[in-house]
Amino acid sequence: MRVKAIILDLDNTIYPVNAIGDKLFKSLFLLIEQSGEFKGDIKEIRGHIMRHPFQVVAHDFSFSDQLITDCLQLLSDLTYEDKMEPFEGYETLRNIPCKKYLVTTGFTKLQHSKIRQLGIVNDFEVVFVVDPSKSILTKKDIFKKILSDNYYNPEDVLVVGDDLHSEIKAAKELGIGTIVYNHNEEQPEAKSERAIHSFKDISPYLN
Ligand SMILES: [Mg+2]
């Protein structure tokens, strides 16, 4: 096996956010809706919140400064305590005999609660939460750190994630191979990318 390490995204790569999103973000959606201090359609905002970092959505839908402050306060303390299941096929990934690193963007407390509920923490050498409300570090900075800390060359590593504008872009900029996790063909832009619909399909990319 050529690949020595796989770096994984969490949300919409290891589990589907829409399975928990309505429940998880109920209080947030209510706060946004009641404030009215945004531009655009609340339904569209809901969809974006499940797919993109909050800070990006707040910017794209022109949230007021007050609304951003209120949302950040809510999100910084939010956790998810119900049962969660990884995507079908996750077992295949778990059993691949190489090192795995989890690099996820989001609110520290929330991301760790989801990792706990999924029961996956022991599958990873290190879990990194990139929290834009706490640090200016990006996924790209963390990828560089993983390479240098472990003396990996870019070609030793594979990045798997669903976001072409986040982990996939960062990996490409560093010369690391990428696979788009495109579970439900949700990303038409992923057509020209190396993509899988399930971890059951990952093995050809490891050699
Ligand atoms: Mg993701």
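In each ligand, atom 1 is the first atom listed, and ligand 1 is the first ligand listed. All values reported here derive from a predicted model rather than from experimental measurement.
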Interatomic distance, L28 atom CG to F54 atom CZ [nearest 0.5 angstrom]: 6.5 Å
Any donor-acceptor N or O pair under 3.5 Å, side chains T138, D141: yes
2.8 Å shell around the Mg ion (ligand 1), exclusive bound, protein N/O/S atoms: 3
By salt bridge (charged side-chain N to carboxylate O under 4.0 Å, His left out) - contacts of E44 (at least two apart): none
Contact summary for F128 and I142, nearest pair of heavy atoms: CG-CG2, 3.5 Å
Neighbour count above 12 (heavy atom, 6.0 Å) for E88 CD: no
same_hphob_cluster(V121, L102) at 4.5 Å side-chain heavy-atom cutoff: yes
